[in-house]
Every structure is written in structure tokens, then in C-alpha cells.
Amino acid sequence: MQPTIRAYRPTDLDAIYDICVRTAAAGGDARGRHTTDRMLGDVWAVPYVTREPEHAHVLDDGTGTAVGYILGTADTEAFVKWFREEWIPAKAGTFAADDPRDRELAAVFESPEKMIRPEFAGYPAHLHIDLLPEWQGRGQGRALMAAFLDGLRAAGVERVHLGMAAENTGAYAFYRRLGFHDIQVPNPGARFVGRDTGPL
């Protein structure tokens with residue numbers, strides 16, 4: 001069976017958690033780094049499929065199993081407001097901020113407003129894309145990005161941004177090939193890129 005890009009389905013949720021943790025260490029496996037392996041998904045992936053499933057797409061390996069995803073929001077400011085008012089209360093108690101393994105991630109979870117920066121004002125949407133290592137380098141990341149950009153364009157969104165660990169040079173090269181350009185952010189702690197939502 002052939003792999004396909006398809007819309008996210010609620011039955012993909014466990015796979016979303018799994019893909020997230022297995023790619024969260026600058027593209028590498030982060031299993032065992034926190035008190036639960038689902039914690040990373042609760043910050044970087046699951047809020048998006050919960051609030052905006054229409055902007056979530058998965059790479060299906062041909063058997064119904066998601067092995068990669070792209071997800072995000074069409075409106076970062078509205079997403080941050082929802083995250084603060086609904087997602088944080090819904091996940092109360094999930095993050096053991098007193099456990100040193102979780103302290104940094106808990107701080108990210110509790111500070112969604114850091115997603116809003118003046119440098120992103122012209123790039124209202126943002127995204128996350130992850131594929132399991134064995135599915136990388138096959139053109140599927142480009143296909144996922146095309147599906148996501150098509151959805152944003154249809155929703156009237158003109159530009160999108162994303163961030164990545166500065167050491168993730170492979171991801172940066174991938175985004176540059178897809179037409180993303182650098183967004184300069186003071187004291188970023190990460191690398192940020194953006195582009196319009198025109199076709200790839």
C-alpha cells in the first residue's frame with residue numbers, strides 16, 4: 001500500500017503523541033526525558049489538533065497509521081488566548097513543575113504568550129511538522145507542507161512562521177528549500193523562519 005497525505009482523524013491522537021516525543025530532541029528521540037512521554041505532545045502537538053483539526057494533516061503509511069504530521073494554527077494570537085483560557089486548565093496537574101525533568105517544559109506550557117512577538121505580526125499562522133526518521137527524505141515533508149499551506153490559503157491567511165532548535169540544521173535546510181526565509185528575533189533561543197502561503 002502507498003503512503004498518503006490525509007486529514008487528521010481523532011483516532012490518530014496516540015500516533016500524534018508518539019511522533020511528537022520521538023522527534024522532539026532537535027529531531028531525535030526524547031522518550032524517557034520527562035515524567036511521562038505524552039507531556040511533549042501536550043505542549044507541541046495535541047493543542048493544535050484539538051483546537052484546529054482542519055489545519056492538521058498526517059502522513060499515513062498506507063495501513064491507516066500516522067507516521068508524520070503537520071499541524072498548526074491560522075491565528076497565533078487567538079490560539080494563545082485559547083491555550084491560556086482553556087488548554088492550561090484542562091491539563092492542570094499534568095506538569096510536575098517540581099520535578100527537574102519537567103521544569104523547563106512546564107515553564108513553556110505556562111507561558112503561551114511567548115508565542116506572540118512583534119516580529120511575527122505579519123505572519124499570523126504558525127506550524128509544527130514532524131516525521132518519524134524512517135519517513136524523512138522521501139518528499140513526504142514537502143507534501144505535508146503543501147497540504148498545510150493550501151489550507152491556510154483557502155482560509156485567507158497570507159503568511160506563516162515557525163521556530164526550531166538552533167542546532168537542528170537539517171530542518172533549517174529543509175525549510176529553506178521550501179522557500180522559507182529567516183525572521184530576525186532578538187535573543188531568540190531558537191531559529192525562526194517564515195514564508196507566504198502561496199503554492200510550493
Side-chain angles (χ1 to χ4, degrees), residues 8 10 12-53 55-56 58 66-73 75-117 119-120 123 125-133 136 141 144 148 160-172 174-175 183 185-194:
Y8 166 79
D12 297 319
L13 187 61
D14 285 341
I16 299 296
Y17 274 113
D18 183 59
I19 295 162
C20 184
V21 71
R22 290 171 63 189
T23 57
D29 197 333
R31 285 178 290 186
R33 291 193 176 192
H34 300 283
T35 50
T36 80
D37 283 344
R38 292 171 77 87
M39 197 170 286
L40 285 155
D42 282 334
V43 174
W44 303 116
V46 177
Y48 298 92
V49 300
T50 300
R51 184 175 187 270
E52 296 179 55
H55 291 300
V58 303
V67 292
Y69 60 69
I70 191 166
L71 40 83
T73 177
D75 183 337
T76 298
E77 291 194 10
F79 176 80
V80 165
K81 184 175 186 293
W82 170 86
F83 197 106
R84 166 64 60 196
E85 294 176 358
E86 298 187 38
W87 189 249
I88 290 177
K91 293 293 174 178
T94 300
F95 289 79
D98 56 342
D99 189 308
R101 292 173 294 171
D102 299 342
R103 196 168 294 132
E104 187 175 332
L105 189 60
V108 173
F109 173 77
E110 293 163 1
S111 306
E113 291 78 14
K114 289 186 177 180
M115 294 185 223
I116 301 171
R117 295 175 181 256
E119 294 82 8
F120 303 152
Y123 303 83
H126 75 264
L127 68 91
H128 298 279
I129 179 172
D130 292 298
L131 291 89
L132 294 178
Q136 296 173 13
L144 282 167
F148 185 80
V160 61
H161 74 275
L162 63 92
M164 75 207 81
E167 63 269 26
N168 195 344
T169 55
Y172 179 67
F174 166 73
Y175 298 127
I183 300 175
V185 174
N187 306 311
R191 176 177 269 166
F192 295 96
V193 295

Donor-acceptor pair, side chain of [X] and main chain of [Y], under 3.5 angstrom:
| X | Y | value |
| --- | --- | --- |
| Arg84 | Glu110 | yes |
| Asp130 | Tyr69 | no |
| Glu77 | Ile116 | no |
| His34 | Arg101 | yes |
| Trp87 | Phe109 | no |

Between [X] and [Y], what is the shortest heavy-atom contact and its length?
| X | Y | value |
| --- | --- | --- |
| Ala24 | Ala30 | CB-CB, 3.9 Å |
| Arg117 | Pro186 | NH1-O, 3.9 Å |
| Asp29 | Ala25 | O-CB, 3.8 Å |
| Gly41 | Pro47 | O-CD, 3.5 Å |

Out of curiosity, [X] [atom1] to [Y] [atom2], how far, rounded to the nearest 0.5 Å?
| X | Y | atom1 | atom2 | value |
| --- | --- | --- | --- | --- |
| Thr73 | Glu52 | OG1 | CD | 3.5 Å |
| Tyr17 | Asp42 | OH | CG | 3.5 Å |
| Leu144 | Ile129 | CG | CD1 | 5.0 Å |
| Lys91 | Phe83 | NZ | CZ | 10.0 Å |
| Met164 | His128 | CE | NE2 | 11.5 Å |
| Arg38 | Thr94 | CZ | OG1 | 10.5 Å |

inquiry  = Could you go through Leu131 and Ile19, starting from their C-alpha distance and side-chain angles, then the distance that decides it, and tell me whether this counts as side chain to side chain contact (heavy atoms under 4.5 Å, CB included)?
reply    = CA-CA 7 Å; Leu131 291 89; Ile19 295 162; over 6 Å; no
Heavy-atom check, side chain of Phe148 versus side chain of Val160, under 4.5 Å = yes
task = State plainly whether the residues Arg22 and Asp18 are in salt-bridge range, i.e. N to O under 4.0 Å.
result = yes
query = Hey, do the aromatic rings of Phe120 and His126 have their centres closer than 6.0 Å?
reply = no
inquiry  = Ring-plane angle category for Tyr48 and Phe79, please: parallel below 30°, perpendicular beyond 60°, tilted otherwise.
reply    = parallel
request  = List the steps and the verdict of side chain to side chain contact (heavy atoms under 4.5 Å, CB included) for Leu162 and Tyr175.
outcome  = CA-CA 10 Å; Leu162 63 92; Tyr175 298 127; 3.5 Å; yes
